[in-house]
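Everything on this sheet refers to the single structure shown next.
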There are 4 protein chains.
Amino acid sequence: MIPMEKLGIGIIGAGRIGRIHAINLYRFFPEVEIVGIADIDLDRAMQLSREIDNKKVFDDPTALINHPDVHAILICSSTDTHTDLIIKAAKAEKDIFCEKPIALDIELIDEALTAVEESNVKLFVGFNRRFDPNFKKARELVLSGKIGKPHILKITSRDPEPPPIEYVKVSGGIFADMTIHDFDMARYLLNDEIVEVYATGNVLIDEKIMEYDDVDTAITVLKFRGGSMGVIDNSRKAVYGYDQRIEIFGSDGMISVNNKLEDETMIANSRSFQISKPLYFFLERYQEAYLNEMKEFVSSIINNSNPPVSGMDGKIAILIAEAAKKSLKERKPIKLEYQ
Amino acid sequence: MIPMEKLGIGIIGAGRIGRIHAINLYRFFPEVEIVGIADIDLDRAMQLSREIDNKKVFDDPTALINHPDVHAILICSSTDTHTDLIIKAAKAEKDIFCEKPIALDIELIDEALTAVEESNVKLFVGFNRRFDPNFKKARELVLSGKIGKPHILKITSRDPEPPPIEYVKVSGGIFADMTIHDFDMARYLLNDEIVEVYATGNVLIDEKIMEYDDVDTAITVLKFRGGSMGVIDNSRKAVYGYDQRIEIFGSDGMISVNNKLEDETMIANSRSFQISKPLYFFLERYQEAYLNEMKEFVSSIINNSNPPVSGMDGKIAILIAEAAKKSLKERKPIKLEYQ
Amino acid sequence: MIPMEKLGIGIIGAGRIGRIHAINLYRFFPEVEIVGIADIDLDRAMQLSREIDNKKVFDDPTALINHPDVHAILICSSTDTHTDLIIKAAKAEKDIFCEKPIALDIELIDEALTAVEESNVKLFVGFNRRFDPNFKKARELVLSGKIGKPHILKITSRDPEPPPIEYVKVSGGIFADMTIHDFDMARYLLNDEIVEVYATGNVLIDEKIMEYDDVDTAITVLKFRGGSMGVIDNSRKAVYGYDQRIEIFGSDGMISVNNKLEDETMIANSRSFQISKPLYFFLERYQEAYLNEMKEFVSSIINNSNPPVSGMDGKIAILIAEAAKKSLKERKPIKLEYQ
Amino acid sequence: MIPMEKLGIGIIGAGRIGRIHAINLYRFFPEVEIVGIADIDLDRAMQLSREIDNKKVFDDPTALINHPDVHAILICSSTDTHTDLIIKAAKAEKDIFCEKPIALDIELIDEALTAVEESNVKLFVGFNRRFDPNFKKARELVLSGKIGKPHILKITSRDPEPPPIEYVKVSGGIFADMTIHDFDMARYLLNDEIVEVYATGNVLIDEKIMEYDDVDTAITVLKFRGGSMGVIDNSRKAVYGYDQRIEIFGSDGMISVNNKLEDETMIANSRSFQISKPLYFFLERYQEAYLNEMKEFVSSIINNSNPPVSGMDGKIAILIAEAAKKSLKERKPIKLEYQ
């Protein structure tokens, strides 16, 4: 039995993301008790367990979901398992944190959201970048009117290295896998809905990707309900590191967020002045965001407030990604309709 | 009679641009003699004349073109006069510098280019930004392979203030008037041809512009023959100043050109750290470019070399602008074909 | 009894610094067990205890030092208690981490260092800035010869706000309290010994400080054994935040370390371009340094290696501070001699 | 005869500095007529003459000074000729612009200043850096109180390459030759007088300099009448280019002026992010300052106003340089007294 006053959390998936959440919860949340870690790869679960005071491991996520000490579940397993686990957790009346995307299929998402609604549990979708202090500040500056009405939003979002081709196959394509973060960021920063998408792209990094009807370099143009426009540029491979910048231009000014750099050093010699490079890896770049995200999740349960990223946010991001995919294929802008 | 060894130049148009060329030629080109200035507004011509040692003024540009001491003509008058003057100068066998755009109508441009070709004179089209040292260096870095194959080109091009509505009326629209510089810059930087354009835009600054079927904020997506993609964002009004930045992202790296700032100062107090703003006005921002452009023009005559910006460059920029206008109207990407 | 394999640590002093070490040890060191916290203010000790799983509190530091589970002691109490506690810990054969300065009096320092030497325990002096990744990288670049022979070292070190006047009274003066960090940093960065000090200063912030024969603004010039020169400028009050920059200029180049800023945002409007301010508080600025410092301390015990900051480093910093004080008083440079 | 309305100027010295003034006057001052150029090296004078429309050349500076068309004289010849030429020009009642330093000897300076005073001509001393827009703005911000009371002034002043050893011999030493600019800048920026100097230095670049009792690397500490302190660091050789930065820290904030860079480009690849280097050469770095300086000189004559840099400013800079030299030799701070 865990102490009465502690919030019992079960973690499903002991991969990269499951591990970061587990370690953050273990280190920084005295009010949380990690009840257990479930992974189909039991070795991986045990390895993580050893890092967090030998918490219990489970090979069956359902057993963890149904454990009486578990109040909330983190779903960090592969995307194809998400909706099934959400439905199970909802039925067991456990609050849910689910990594993005909820699913690649809108019908499956709808089933999951219905289950969540019926059992009245919380569903928090893991768009971690919303919890980056820079982007949060940018949004607050926009909402407070500091740059007037937003006219142009620009998001640069480039990965340092492409994922393995096996991953690309099941990823749902660049828009559902990678740009989805930027779609959510666009909605978040402008606090507005995207009503039209035009996407274009090319295979410039690895020709193998063509077999999966996907691109590795893309430019996506967005139109917002309120009249603002946006543009996202994505690449699967920026040799200089993880490139995550935004710029919001408005009637009264501009906000920009530059990359977080490795350090604050500069070195000059007779040939060059060198400044630091951006942090290379998303786990480093968004370290603070992952911690803040977990704080918000725990706080939304403890204070019984609405999660700041809802299931609907998760669904809309996929709707936009689907529109982008269709736009790329049909070579024309696609309108989005929300009921 | 001007000295034998001097190059006689006549300047048509004593407005903002005519004046900058006249003063540059007067100050920095001992090898050039300004034979005269023609302007339909004789007062304006005389005012400029007083700044450059009282050079002769003409109210009839044809008289200046045909003046025996004139070897070359600068056409800095309003766009609607350009092709007529080019044809006259070509027939008089005078070399020509013509401000952009050559004309808004492709047929007129073709007539002018034919006249130039037949009389075998030089035609240099005034895309001044090509002669900015920053952009020139960026192009050289691209061409030398420093960033590998270019994948994504981004051009930010925002004016500090919209032009008077009277000007907008006859400007040919934002793409032919403003983005035309960026189209030329895109071709110049990547040394590649644009094969498809998708443009979208909105009226966010001044509703009056709607009457002229134009927009004041635009995003244009480009596809290049070699597979690179580009995106241009334009605004008629950036309250913080003239915003002219580029970024070229490629397989092996990235080049960016930031704005030229007013100065190198920073001031900190308990509330903020303030750095300098971009130079506000295009004449300041491109001061060096205007001078370099004139050097190239004079040098192309003296050394009998091809002008670095040809009549065809002027025509292609208008073809792209027309495609952008069509794309905005028809809400779909437009392919460009070059014979 | 603590688990055999864990390293038992006792913390003396539950103030600002004691708290940061305690929380770091608790969160990030599964191999460490905090045996207890001692503070003459028992309430303060208990408050900290509640943040770290209710570890035991002691009002008598000697009891904690002599506790059989304690292998090592962190001394984070006020400066006047340091040497007494070091001697007690040394006699009890406990390894020691002591905050800077060891003491303000060289004789006391010598007594403490003798005790440490006789009992052969480790003494690690808390010059936290050495463990900042930026400064560490700067040192490595210098030592690897990247800028050739160092010629000029510049350290800017300004606090955001002066300490309370009560603190100033017992602080030993600006050189022993504040510049001491910079003296140690200078030795660390150049890996060289300071052989001459010239200090000048003024009271420009708060006249009350005059009563204590101290200054609040100082410039100190250093000469190093190897011929390099250095200059440190200090202020007790930089209204824009904690200002901690270094620059090392050498025969083949220059290294600079800029401040760590609050974030990566920039906001522009018609009046200004604002970038972020430096982190305001030393605990934020050196957050990573404090954690790294503790890692080095724990590692030096576990691996039985020499602490990277020795008792002698602590003594030399005080010798330099004394020379600076003397220089200020006598208005001339003072030579330093080391046996 | 030159036109009545034109200001006749004679230029003595056709070296680097004489040439820049001559060309600026020729290009940008329609109100000025260059009457002639005098140089003991007649070839050099003729070479410059050819660049400025074949103005007359003189081998005897006295002839030029006494030429009836000459209203003002620019003295750009070697330092040892300055006071003699000033006295001659003063006696001939010609206004005078003299390059820094007036002389290395205070007695000679006094003789020259007396001659100037007696004949009531203008004497403008060429401290060109005062006319750099950045430094001018910094001064204005200080004087307007934007950073409150100045506490610490920092000047970084490093040359890209040491001068030839032959030049060093007659230069009067680093303080009279190089730091003199910084002494004047310090007085200018704070609008305050220096009352004490402490200088230290070393030979770190070229041992040959030792023979001339000089140093190539120096740190100089200044105390101002109003309580502010300053520090200047000089090096004869910064491999990365001409390094000219200032920082003024005060009770309410800080102003900094960074270097002017070659351009605004940045290039990133998998190894580094490179920004531009500082402009390498003083003629480029202070190009605008030289032009502004000449504008102020011409304007002070035409409007009959006091030159912004007086003979006394020239004398004080040398007094400070002498104090610095003495301080270096005697290894103690030296007080300055002004009558």
Side-chain angles (χ1 to χ4, degrees), chain B residues 134 154-164 178 204-206 216-219 232-247 249 254-286, chain C residues 134 154-164 178 204-206 216-219 232-247 249 254-286:
Chain B
N134 277 300
K154 292 168 80 175
I155 299 180
T156 300
S157 180
R158 301 170 190 155
D159 281 348
E161 290 176 77
M178 186 174 168
L204 297 170
I205 297 160
D206 183 355
D216 52 29
T217 307
I219 290 176
I232 300 163
D233 72 275
N234 294 116
S235 169
R236 286 287 197 182
K237 187 178 179 186
V239 294
Y240 51 82
Y242 195 38
D243 195 349
Q244 299 276 299
R245 288 171 286 153
I246 62 138
E247 179 179 314
F249 169 80
M254 173 172 64
I255 297 157
S256 66
V257 178
N258 203 351
N259 283 309
K260 291 185 82 158
L261 307 185
E262 287 175 350
D263 55 53
E264 283 69 31
T265 59
M266 182 165 72
I267 179 156
N269 58 32
S270 59
R271 290 176 312 283
S272 69
F273 264 71
Q274 292 187 15
I275 57 170
S276 275
K277 295 199 292 175
L279 291 172
Y280 189 81
F281 199 44
F282 75 96
L283 290 177
E284 289 169 289
R285 168 65 184 85
Y286 288 116
Chain C
N134 277 301
K154 292 169 80 175
I155 298 181
T156 301
S157 179
R158 302 171 189 155
D159 281 348
E161 290 175 78
M178 186 172 167
L204 297 170
I205 297 160
D206 183 356
D216 52 28
T217 308
I219 290 175
I232 300 164
D233 73 276
N234 295 117
S235 170
R236 287 285 197 184
K237 187 177 178 187
V239 294
Y240 52 81
Y242 194 39
D243 195 350
Q244 297 277 300
R245 287 170 287 153
I246 63 139
E247 180 179 313
F249 169 80
M254 174 173 62
I255 296 158
S256 67
V257 178
N258 203 351
N259 283 309
K260 291 183 83 158
L261 307 185
E262 287 175 349
D263 54 54
E264 282 72 29
T265 58
M266 181 165 74
I267 179 156
N269 58 32
S270 59
R271 289 174 312 283
S272 68
F273 263 72
Q274 292 188 14
I275 57 170
S276 274
K277 295 199 292 177
L279 291 172
Y280 189 81
F281 200 44
F282 75 96
L283 291 177
E284 290 170 288
R285 169 64 185 85
Y286 288 117

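Just so it is clear, the structure is predicted and the values come from calculations on it, not from any experiment.
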Requested in this report: Please name the pair of heavy atoms, one in B/F273 and one in C/P278, separated by the smallest distance, quoted to 0.1 Å.
Outcome: CE1-CD, 3.3 Å
**Report entry** Value rounded to 0.5 Å, distance of CE in C/M266 from CD1 in B/I275
**Finding:**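 Separation between the atoms: 5.5 Å.
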Report task. Could you tell me whether a side-chain N or O of B/K277 sits under 3.5 Å from a main-chain N or O of C/S270, the two making a donor and an acceptor? Result -> yes
Report task. Please tell me if the side chains of B/Y240 and C/S272 come closer than 4.5 Å, counting only heavy atoms from C-beta onward. Result -> no
